[in-house]
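This one's a predicted model, so the numbers in the text were calculated from it and none came from an experiment. Reckoned from all heavy atoms, side chains included, excluding hydrogens, waters and symmetry mates.
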Amino acid sequence: MIFLNGLISTYYFYKGNHVIKKLKILISLAQSYTPIVLLNNKENFSSKVLQDIPAEIACQKTYLHELKNMNEILNFRNNFILWLVANL
C-alpha cells in the first residue's frame, strides 16, 4: 500500500512540477516590477491623474509581497525529504 501510494504521489508530483515551473516564471516576472513600484512610491507627482497612481501602486505592492510568499512556499514543495515524510 505504501509503495502504491509512493508511485501515485510521484506521478502527480512530476505532473504538477510542469505547472509549478510556469507559475514560478510568472511570479519572478511579477517580482521584477518591485523596484519600479518602490521608485514610484518615492516620487511626488503634480498632475491630478498621476497623484492617483501611488494609491494603486501601494495596493499592487501588497500583491507583490503575497507573490513572494507564494514563491517561498513553492520552494518547500521541491524539498524531497519533506515530500517523502508528508506522502508516506
Shortest non-hydrogen contact from L67 toward I27: O-CG2, 3.6 Å
Checking one residue: V19. Which other hydrophobic residues are in its cluster under the side-chain 4.5 Å linking rule? none
NZ of K21 to CD1 of I25: how many Å apart, nearest 0.5 Å? 9.0 Å
Is it possible for you to say whether M70 and I20 belong to one hydrophobic cluster, with membership spreading through side-chain heavy-atom contacts below 4.5 Å? yes
Measure the shortest side-chain to side-chain distance between L26 and K22 over non-hydrogen atoms and say whether it is less than 4.5 angstrom. no
CZ (F3) and CD1 (I8) are apart, to the nearest 0.5 Å, by 10.5 Å
